[in-house]
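Throughout, protein chains are lettered first and strands after them, A, B, ... in sequence-line order, and every chain is numbered starting at 1. Since this is a predicted model, take the numbers as computed values, not measurements. Heavy atoms only: backbone and side chains are in, while hydrogens, waters and symmetry mates are out.
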2 protein chains.
Amino acid sequence: MRQEKQPRTEDLVITDILSALGDPVRFAIVKHLYENKCQLNCTQAVTPFANIAKSTLSGHFRVLRESGLISVRKQGVENINSVRVDDINSRFPNLLNSILSNDYSIT
Amino acid sequence: MRQEKQPRTEDLVITDILSALGDPVRFAIVKHLYENKCQLNCTQAVTPFANIAKSTLSGHFRVLRESGLISVRKQGVENINSVRVDDINSRFPNLLNSILSNDYSIT
DNA sequence: ACTAATAGTTCGTAATTACCGAACTATTGA
DNA sequence: TCAATAGTTCGGTAATTACGAACTATTAGT
């Protein structure tokens with residue numbers, strides 16, 4: 001796997017995060033990961049968007065990693081993704097909560 | 001001027017707003033309008049990005065209007081822009097504040 | 001060890017989007 | 001009426017995105 005550039009906490013950029021969350025598919029992924037506070041692989045995380053090509057999905061997860069929203073841990077064949085809640089909260093207090101802790105319709 | 005589709009409050013879409021704010025130029029525009037609580041025309045609002053073509057700027061303002069972030073009022077030759085603070089707060093409580101009320105560097 | 005299955009990434013191409021300069025409309029003021 | 005200011009629209013090109021196909025890597029079955 002190519003070395004991903006996951007930004008350090010102090011290098012998080014607000015517009016990168018907002019841009020990453022500005023796509024409905026990525027928004028749904030992050031919301032799902034955030035609400036369920038669990039760590040899911042790429043396929044499970046995107047259940048509401050089942051008909052998306054996996055190459056496209058791979059790209060979405062790359063954007064999320066590079067924006068700093070999620071981190072990945074390799075476990076066997078699968079990538080275990082989780083939202084970098086503490087990192088983002090420490091740099092942008094209350095941002096995640098105000099964006100994700102609601103039942104906005106996202107279509 | 002072509003009829004713009006500025007969404008009603010109840011039709012605001014979170015991903016459209018995040019996507020609009022995910023661009024550094026548009027972020028700076030909205031942040032400026034928000035902080036100064038004043039109504040500025042397009043040229044004034046984008047002082048930190050002076051070397052952008054005005055056609056590009058026009059496009060950025062169109063995105064902001066269509067996302068519902070700003071409203072426009074024609075006054076003489078100029079467009080007076082302002083952030084739709086009340087509308088957005090009523091639909092997405094605390095969103096604007098947590099995104100804009102900080103001194104994040106935005107490159 | 002060999003094979004198949006699962007999970008992701010990478011690559012090439014087509015489609016979509018973004019940026020810029022130039023030309024245009026509209027309003028104001030001399 | 002003419003010039004200046006403020007924005008929009010258009011056309012071409014550059015950059016980005018989505019997809020399927022081919023690839024790598026790990027696990028499980030035999």
For this session: Decide yes or no on side chain to side chain contact (heavy atoms under 4.5 Å, CB included) for B:N89 and B:N97, but give the supporting numbers first.
Result: CA-CA 9 Å; B:N89 280 342; B:N97 192 63; 5.9 Å; no
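- Scanning for side chain to side chain contact (heavy atoms under 4.5 Å, CB included) contacts around A:Q75 gives A:R73, A:I80, with sequence neighbours left out.
- B:N51 has no side-chain polar atom (N or O) that falls below the 4.0 Å cut-off from OP1 or OP2 of C:dC20.
- With sequence neighbours left out, B:V63 forms a side chain to side chain contact (heavy atoms under 4.5 Å, CB included) with B:A20, B:R26.
- No side-chain donor-acceptor contact under 3.5 Å links B:S98 and B:N94.
- Judged by distance alone with a 3.5 Å cut-off, no donor-acceptor contact links the side chain of B:S58 to the base of D:dG7.
- Residue A:I52 contributes atom CD1, which lies 15 Å from atom P of C:dG8 at whole-angstrom precision.
- Annotation: the terminal axes of the helix from C:dA1-D:dT30 to C:dA30-D:dT1 meet at 20°, where each axis is the rotation carrying the C1' atoms of four end pairs onto the next four (5 pairs per end, rounded to 10°).
- Look at A:R62 and you won't find any side-chain N or O under 4.0 angstrom from OP1 or OP2 of D:dA18.
- Exactly one of A:V72, A:I29, A:N79 qualifies for a side chain to side chain contact (heavy atoms under 4.5 Å, CB included) with A:F61. That residue is A:I29.
- For the pair B:D23 CG and C:dT17 C1', the computed distance is 13 Å after rounding to whole Å.
- In this entry the distance linking CD of B:E78 with C1' of C:dT27 reads 11 Å, nearest Å.
- Taking atom CG of residue A:N79 and atom C1' of nucleotide C:dT9, one finds them 10 Å apart after rounding to whole Å.
- Dashed line: the shortest gap from a side-chain N or O of A:R65 to OP1 or OP2 of C:dT9 is under 4.0 Å.
- Rounded to an integer number of Å, the gap from CG of B:L57 to C1' of D:dA6 is 11 Å.
- Rounded to a whole Å, the CD atom of A:E66 is 11 Å from the P atom of D:dT17.
- For A:T56 and D:dC19, the shortest distance from a side-chain N or O to OP1 or OP2 is below 4.0 Å.
- Between A:L100 and A:F27, some side-chain heavy-atom pair lies under the 4.5 Å cut-off.
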